[in-house]
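Notes follow once the structure below has been shown.
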Amino acid sequence: MPLTADADIKALLEGARTIALIGASDRPDRPSYGVMAKLQAHGYRVIPINPQITGEHVHGEFVFRDLSQLGDPIDIVDIFRNSAAAGEAVDQAIAAGAKAVWMQLGVINEDAAARAETAGLKVVMDRCPAIDIPRLGVAKIDATTSE
């Protein structure tokens with residue numbers, strides 16, 4: 001079952017430091033562009049993933065083709081893809097050893113969520129961290145500390 005309790009979602013957000021954002025955009029009119037900026041402003045390291053703009057930079061971060069290119073541990077994979085494409089993103093997150101997957105508002109894929117949970121990942125579905133962070137009073141992340 002995806003996380004739905006506010007306390008569980010808050011704990012996930014407060015325990016995270018690195019977020020990979022699948023479907024990141026370099027276009028200011030796209031929701032993923034604004035969400036990435038809000039997550040960075042809150043103190044997270046956000047790594048953009050988008051095969052169409054690989055090698056470019058969004059909000060100062062190099063854009064990677066897919067999660068397999070990352071060498072750093074990933075706490076949360078934030079998925080800005082349609083519900084059908086979310087399955088592939090979840091499979092990448094499992095293969096990359098991420099701790100959690102977060103499917104954005106409107107992104108619902110029960111089969112992918114079940115695969116992630118079976119692999120030991122926490123799952124949040126049909127929510128936005130940029131909305132939940134202020135709503136839940138998540139403490140700002142101090143990049144100088146780690147778990």
Side-chain angles (χ1 to χ4, degrees), residues 1-26 30-51 53-54 57-83 85-147:
M1 292 266 314
L3 300 180
T4 56
D6 285 350
D8 294 337
I9 292 170
K10 183 176 182 181
L12 174 64
L13 289 165
E14 288 184 340
R17 296 291 176 271
T18 303
I19 299 174
L21 199 150
I22 293 182
S25 178
D26 58 355
R30 302 293 296 177
S32 64
Y33 185 88
V35 168
M36 181 174 171
K38 287 180 182 178
L39 292 172
Q40 286 179 318
H42 202 74
Y44 296 103
R45 170 153 189 238
V46 184
I47 303 167
I49 309 291
N50 186 330
I53 56 172
T54 299
H57 287 79
V58 176
H59 297 302
E61 288 280 349
F62 182 87
V63 180
F64 290 89
R65 182 184 70 251
D66 59 44
L67 293 178
S68 69
Q69 293 185 297
L70 304 183
D72 297 332
I74 306 162
D75 295 314
I76 299 173
V77 175
D78 189 3
I79 302 171
F80 270 94
R81 301 288 315 274
N82 65 42
S83 295
E88 178 186 343
V90 166
D91 293 339
Q92 279 189 39
I94 293 167
K99 296 176 186 171
V101 291
W102 189 299
M103 295 182 225
Q104 277 291 333
L105 288 172
V107 181
I108 300 169
N109 186 322
E110 298 289 350
D111 291 339
R115 285 197 307 277
E117 289 170 337
T118 298
L121 281 71
K122 293 181 179 172
V123 176
V124 178
M125 193 161 44
D126 193 23
R127 298 180 79 122
C128 179
I131 293 170
D132 281 337
I133 287 168
R135 185 182 69 79
L136 298 172
V138 174
K140 189 165 184 168
I141 304 303
D142 180 355
T144 63
T145 62
S146 62
E147 301 268 308

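For the numbers below, each heavy atom of this structure counts, side chains included, while hydrogens, waters and symmetry mates do not. On a predicted model such as this, the values are computed, not experimentally measured, just so you know.
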Subject >> Asp75 bridged to Arg17 by N-O distance under 4.0 Å >> reply: no
**OP:** Keeping to residues at least two apart or across chains, list the salt bridge (Lys or Arg N to Asp or Glu O under 4.0 Å) pairs with something in residues 30-46.
**Re:** Arg45-Glu61, Arg45-Asp72
**OP:** State, with a plain yes or no, whether a side-chain heavy atom of Glu110 is found less than 4.5 Å away from one of Met125.
**Re:** yes
Original post:
About how many Å separate CD1 of Ile141 and CG of Leu39, when rounded to the nearest 0.5 Å?
Top reply: 10.0 Å
**OP:** Would you indicate whether the side-chain heavy atoms of Met103 and Val124 approach each other to under 4.5 Å?
**Re:** no
Original post:
Can you name the side chain to side chain contact (heavy atoms under 4.5 Å, CB included) partners of Asp66, sequence neighbours left out?
Top reply: Ser68, Gln69, Gln92
**OP:** Determine the minimum heavy-atom distance between Ala116 and Val123, stating which atoms define it.
**Re:** CB-CG2, 3.6 Å
**OP:** Take Ile79 and Val90 through the side chain to side chain contact (heavy atoms under 4.5 Å, CB included) test and state the conclusion after the steps.
**Re:** CA-CA 8 Å; Ile79 302 171; Val90 166; 3.8 Å; yes
Original post:
For Ile76 and Ile74, which heavy atoms make the closest approach, and how far apart are they?
Top reply: O-CG2, 3.4 Å
Original post:
Checking Ser32 side chain against Phe80 main chain: does a donor-acceptor pair fall under 3.5 Å?
Top reply: no
Subject >> Atom pair OG1/CZ of Thr54 and Phe62 - distance to nearest 0.5 Å >> reply: 7.0 Å
**OP:** Taking all non-hydrogen atoms of both residues into account, name the closest pair between Arg81 and Gly23 and its distance.
**Re:** CD-CA, 4.4 Å
Subject >> Nearest heavy atoms of Val58 and Met36, plus distance in Å >> reply: O-CE, 3.3 Å
Subject >> Non-hydrogen side-chain atoms of Ile131 and Leu105 separated by less than 4.5 Å >> reply: yes
**OP:** Could you tell me whether the side chain of Lys10 reaches within less than 4.5 Å of the side chain of Ile133, counting heavy atoms only?
**Re:** no
**OP:** To the nearest 0.5 angstrom, please state how far the CD atom of Glu88 sits from the CD1 atom of Ile22.
**Re:** 8.0 Å
Original post:
Between Asp8 and Leu3, is there a donor-acceptor pair closer than 3.5 Å when you use the side chain of the first and the backbone of the second?
Top reply: no
**OP:** Go through the structure and list residues passing side chain to side chain contact (heavy atoms under 4.5 Å, CB included) with Ala37, not counting sequence neighbours.
**Re:** His59
Original post:
Does a side-chain heavy-atom distance below 4.5 Å link Leu13 with Trp102?
Top reply: yes
Original post:
Can you name the nearest heavy-atom pair linking Pro2 to Glu117, along with the distance?
Top reply: N-OE2, 3.0 Å
Original post:
To the nearest 0.5 Å, how far apart are CD1 in Ile9 and CZ in Arg127?
Top reply: 3.5 Å
**OP:** Of all the heavy-atom pairs spanning Ala100 and Leu12, show the shortest one and how long it is.
**Re:** CB-CD1, 3.7 Å
Subject >> Residues which pass side chain to side chain contact (heavy atoms under 4.5 Å, CB included) with Ala24, listed by chain and number, not counting sequence neighbours >> reply: Leu21, Pro48
Original post:
How many angstroms lie between CD1 in Ile53 and CZ in Arg65, if you round to the nearest 0.5 Å?
Top reply: 14.0 Å
Original post:
Hey, is the main chain of Pro73 close enough, under 3.5 Å, to the side chain of Lys99 for a donor-acceptor pair?
Top reply: no
Original post:
Heavy atoms, side chains only, cut-off 4.5 Å: are Leu67 and Ile49 in contact?
Top reply: yes
Original post:
In chain order, what residues pass the salt bridge (Lys or Arg N to Asp or Glu O under 4.0 Å) check against Arg135, with sequence neighbours excluded?
Top reply: Asp6, Asp132
Original post:
Any side-chain heavy-atom pair from His42 and Val138 closer than 4.5 angstrom?
Top reply: yes
**OP:** Under the side chain to side chain contact (heavy atoms under 4.5 Å, CB included) rule, collect the residues that match up with Arg115, sequence neighbours excluded.
**Re:** Asp91, Ile94, Asp111, Ala112
Subject >> Sub-4.5 Å side-chain heavy-atom contact between Thr18 and Tyr44 >> reply: no
